[in-house]
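Each chain gets a letter, A, B and so on, in the order the sequences are listed, and its residues count up from 1.
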2 protein chains.
Amino acid sequence: MQLRRGDVLGGAIAILDEYGLGDLTMRRLATSLGVQPGALYWHFPNKQTLLAAITDEMLARVSAPLDAQDWDARLATYAHRMRDALLAHRDGAELAAASYSARLATNDARDTLARACVEAGLPDDESELAADTLLYYILGQTMDEQSRMQMDSHGALVEDASPLYDSTSGTARFDYGLSLFVDGVRSRLRAAVRD
Amino acid sequence: MQLRRGDVLGGAIAILDEYGLGDLTMRRLATSLGVQPGALYWHFPNKQTLLAAITDEMLARVSAPLDAQDWDARLATYAHRMRDALLAHRDGAELAAASYSARLATNDARDTLARACVEAGLPDDESELAADTLLYYILGQTMDEQSRMQMDSHGALVEDASPLYDSTSGTARFDYGLSLFVDGVRSRLRAAVRD
DNA sequence: ACCTGAACACCGTTCAAGT
DNA sequence: ACCTGAACACCGTTCAAGT
């Protein structure tokens, strides 16, 4: 029963979901697969690359085709898909942020966001910048949401300075920032029309 | 010549600037201070807390008073101050993101952004959410900028898919996303007036 | 082609004991 | 009060050698 690349990936995701990113070590992964640590390096050149592969796996479905709609609804749907994909795995947002930061993620989520901005009517160069802006927001907000979940689950019922923090659901918080972004794009479009 | 808390902080910042966050280890820091690793734990309970202290030091000045201006100019100035503060130290944005994520940063940069949103005319609860949105953007964009700098310095002149990436300066890229945010806030203000 | 065994060069943290 | 010495329990990665 030989080890396949997919087995390594699957084992890594299993550890991620059960114990979190901090406990996802090459040694622990090797043990869970019944193999020596060095064996993993035949399938992945290093840990960073393995983590990036998990990120790509996580985000593989966000770029799937969408029912035709208004550009703002499309943009919002892509953003929500991405958030949902990150939320589906423990520390998913932190993992994705690390992979993007290391420039090892090869999924097309960013391109999809950029394309949606082009379809909205933004110039190509602005669309790239807008996509990055939205991407940073999604990663940051979702990271925050997941670290909050982690704190809650660890029995720390520290009441926040702002009571709104607890009462406002993660989705509502997410939607607020998202609407700020979409409104920003909208006013850029209007400005372009006036010229 | 006793070791003071400030010496540890200063030594850590020196290593950060010269070798980066990855090489800022407790052991290396101890060596550079001519002390045993364990000595550091008399001054800081753990590494995370030390890193958060660096973050607070870095961002201490962004909340300083501002010349009275329009709310949008004030918001932009705070955002630029924060970016500049992060850019002033190698891996500054990554460090700050980690400290915020661990909820150990005690500086009032976030509160300052929220207050600026209140002054703009946003309700208190929306201002908190808007401040977070802006904060994630600043951290994400600046992290990206610094990791790009790192790649460039490491002789990797890989041409990007988009030639705009290279030609658009970091400041211009930053200003684009910032204007998206400010325009988003502006349209939220207009929506409130109409009600 | 795929993996083991074993090492290399590190980590953060703790804590009795010293001064 | 402040630090040393020394350990504990780990890391990621490499690579000759095995099958």
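The CG atom of B:L50 sits 15 Å away from the C1' atom of C:dC11 (whole-angstrom rounding). A:Q36 places its CD atom 18 Å from the P atom of C:dC2, with the value rounded to the nearest Å. Whole-Å rounding puts the A:L24 CG to D:dC10 P distance at 16 Å. In this entry the distance linking CD of A:Q2 with P of D:dT19 reads 16 Å, nearest Å. Here the P atom of nucleotide C:dT13 and the CH2 atom of B:W42 are 18 Å apart, to the nearest Å. Note: CG (A:L29) to C1' (D:dT13) measures 14 Å, nearest angstrom. Note: CE (A:M26) to P (D:dC10) measures 18 Å, nearest angstrom. One can place CZ of A:R27 at 11 Å from C1' of C:dA9, the figure rounded to the nearest angstrom.
Base pairing of D:dC3: no nucleotide in any strand meets the Watson-Crick or G-U wobble criterion (both distances under 3.5 Å). Under the Watson-Crick or G-U wobble criterion, with both distances below 3.5 Å, D:dC11 is left unpaired in every strand shown. For C:dA17, there is no paired base (Watson-Crick or G-U wobble, both distances below 3.5 Å).
Nearest nucleotide to the A:K47 side chain, out of C:dC3, C:dT13, D:dG12: D:dG12. With distances taken from any side-chain atom of B:T25 to the nucleotides C:dC11, D:dT13, C:dT13, the minimum falls on C:dC11. Residue B:Y41 places its side chain closer to C:dG12 than to any other of C:dC3, C:dG12, D:dC3.
Aromatic ring pairs are classed by plane angle as parallel below 30°, tilted from 30° to 60° and perpendicular above 60°; the pair A:F174 and A:Y137 is parallel.
Ion pairing of A:E145 with A:R173 is absent here, as no side-chain N (NZ or NE/NH1/NH2) approaches a carboxylate O to less than 4.0 Å. Look at A:R188 and A:D183 and you find no salt bridge, because none of the NZ, NE, NH1 or NH2 atoms lies under 4.0 Å from a carboxylate O.
Neither OP1 nor OP2 of C:dA1 sits under 4.0 Å from any side-chain N or O of A:H43.
Comparing the P positions of C:dA9 and D:dA9 gives a spacing of 23 Å, expressed to the nearest Å.
When side chains are defined from C-beta on, A:Y176 does not count as touching B:D132, because their heavy atoms never get closer than 4.5 Å.
Geometrically, B:R28 engages B:Y19 in a cation-pi contact defined by less than 6.0 Å to the ring centre and at most 45° from the axis.
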